[in-house]
Amino acid sequence: MSDAGSKPSGKSVAWQGAVLLVALAGIGLRVVPWAGFQRLGFDEGLYRNYVAELIQVGVPNYPDIAEHFVAVQEKLPGAVLPPTRFLYIFSAYLWHGVSGAGPLVALHHVSTLFSILLLLVAGVFAWRLGGHVFGLAVLALMAFAPTQIHMAQHALIDGFFAFWATLSLWFLWENLRRPSDWRWEAAYTVVLALAVLTKENAAFMFFGLVVLLGVNRWTKFGRITPRLLLLTTAGPLLGLVMLIWLCGSVTTFVRIYQLLVGKASVLPYAIATGDGPWYRYLVDLLLVSPLILLLALGGLFRLRWANKPALYLLVFLAGTYLVMCNVRYGMNLRYTNMWDMPLRYLAATCLVTLTQSVGRFRGAILVGSVVFLCLFDLRQYYIFFVQHDLYELVTGGLLRALLILK
């Protein structure tokens with residue numbers, strides 16, 4: 001950073017220009033519609049119906065939507081998406097009120113907006129963790145991440161949820177490093193509540209955060225205060241109380257989740273596509289972003305205990321993976337959107353480590369490597385989501401798009 005009143009250095013200007021260029025590229029890839037699949041997806045149709053109902057009845061009558069879901073779901077053989085994914089539905093409702101867009105268009109715009117926000121948050125989070133080199137590298141890798149672009153191109157909730165999950169992970173880090181700062185504590189509590197209001201996958205995220213707090217005694221990520229433990233519990237509880245209020249009663253809330261859990265396990269599509277061995281997610285990630293995954297895994301062999309940022313993200317990945325790979329008939333690559341930033345930070349860590357002995361050409365090689373990874377991931381997106389029109393991220397479709405299965 002330059003002194004006050006002095007001109008910024010050439011290196012600072014170049015870095016700021018690179019950040020702006022990469023951010024604009026990532027935003028363009030998300031905003032411009034270029035996905036091959038242009039039909040109405042099954043999930044998109046359900047979310048559209050919820051937004052249309054909310055526009056019709058208004059937020060004070062949201063319990064009517066919840067009770068209608070229970071009445072309909074009890075008669076269906078399989079599970080459908082619950083109205084407890086309130087924040088995504090409500091955000092589209094607000095977008096409709098501001099812009100006048102229809103329910104489906106509003107949902108799509110919300111998904112695109114939060115994919116862009118996640119891109120920016122990932123870059124800032126990486127910068128806070130490791131400095132400007134990691135900030136720019138992760139920003140670039142996230143800008144061209146195939147599943148991140150895919151979430152922005154459709155009215156899907158998983159990129160929206162990944163935004164809140166990544167914020168929660170970042171704000172916990174800040175609270176560990178800067179204990180008793182009421183601004184970070186307040187932000188952390190609110191974001192946890194909003195994650196619960198978004199999707200039931202918040203349970204996976206919360207487990208990962210609890211694991212981070214549990215191992216802090218040995219890893220020394222930062223200092224845990226009693227107030228931080230209290231807020232880690234209070235945030236999700238606040239979100240839970242709000243969900244119960246929106247459902248109208250504890251009985252309706254409990255019934256919604258009983259139906260969701262009970263009928264999701266007998267849904268033919270979930271049985272056909274949502275099962276697999278514990279390493280199912282590794283296979284899917286290897287198919288979509290093989291170089292990122294291999295670099296992230298390769299970097300583990302040279303990871304030093306003193307590298308707290310990388311270790312922090314690794315523990316979160318391990319904790320959430322442990323839960324997510326054990327959900328029967330409930331595995332889908334869309335749920336791993338909250339892993340995209342940690343994986344790309346670990347991949348960047350590996351690149352930085354590999355280029356340490358290169359000498360004066362290190363910067364050029366590092367930049368060239370990141371550019372190559374970005375272009376490779378962009379090609380992956382084109383193969384899966386433009387050339388082969390994929391919508392659902394199931395293993396069979398990914399294998400056929402790569403011509404491994406005919």
First locate atom [atom1] of [X], then atom [atom2] of [Y], and finally report the distance between them rounded to the nearest 0.5 Å.
X      : Y      : atom1 : atom2 : value
Leu346 : Ile292 : CG    : CD1   : 10.5 Å
Gln380 : Leu287 : CD    : CG    : 9.0 Å
His132 : Leu139 : NE2   : CG    : 13.5 Å

Side chains of [X] and [Y]: donor-acceptor distance under 3.5 Å anywhere?
X      : Y      : result
Arg85  : Tyr47  : yes
Asn175 : Glu185 : no
Ser111 : Tyr88  : yes
Asn307 : Thr349 : no
Thr219 : Tyr312 : no
Thr112 : Arg30  : no

Audit row: Arg334, Asp284, salt bridge (Lys or Arg N to Asp or Glu O under 4.0 Å) steps and yes/no: CA-CA 10 Å; Arg334 286 192 284 119; Asp284 290 351; over 6 Å; no
Qualifying residue for ring-ring contact (aromatic ring centres under 6.0 Å, His included) with Phe37, from Phe384, Phe42, Tyr391: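 Filter result, single survivor: Tyr391.
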Specify the closest pair of heavy atoms between Ser180 and Arg223, including all atoms of both residues, with the distance to one decimal.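 Looking at all heavy atoms of both residues, the shortest contact is OG-NH2, 4.4 Å.
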Please determine whether side chain to side chain contact (heavy atoms under 4.5 Å, CB included) holds for the pair Asn337 and Thr147, giving the CA-CA distance in whole Å, both sets of side-chain angles, and the decisive distance to 0.1 Å. CA-CA 7 Å; Asn337 262 250; Thr147 55; 4.0 Å; yes
Establish, yes or no, whether a centroid distance under 6.0 Å links the rings of [X] and [Y].
X      : Y      : result
Trp184 : Phe171 : yes
Tyr62  : Phe86  : yes
Tyr257 : Phe253 : yes
Trp339 : Phe316 : no

Could you walk me through whether Val124 and Trp170 pass the side chain to side chain contact (heavy atoms under 4.5 Å, CB included) check? CA-CA 9 Å; Val124 176; Trp170 172 18; 3.6 Å; yes
Checking salt bridge (Lys or Arg N to Asp or Glu O under 4.0 Å) for the pair Asp389/Arg39: CA distance, chi angles, key distance, verdict? CA-CA 10 Å; Asp389 301 345; Arg39 302 180 299 278; 5.4 Å; no
side-chain contact (heavy atoms from CB on, under 4.5 Å) partners for Ala35, two or more places apart: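 Checked Ala35 against side-chain contact (heavy atoms from CB on, under 4.5 Å); matches are Gln38, Gln153, His154, Tyr381.
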Parallel, tilted or perpendicular, judged at 30° and 60°: which one describes the rings of His109 and Trp95?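 Rings of His109 and Trp95: perpendicular, as their planes differ by over 60°.
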Yes or no on side chain to side chain contact (heavy atoms under 4.5 Å, CB included) for Thr84 and Phe69, after CA distance, side-chain angles and deciding distance? CA-CA 10 Å; Thr84 47; Phe69 168 83; over 6 Å; no
Restricting to side chain to side chain donor-acceptor pair (under 3.5 Å), what partner residues turn up for Arg400, sequence neighbours left out?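 So Arg400 forms no side chain to side chain donor-acceptor pair (under 3.5 Å) with any residue.
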Please check if the number of heavy atoms outside Arg362 that lie under 6.0 Å from its CZ is greater than 12.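 Correct, the count exceeds 12.
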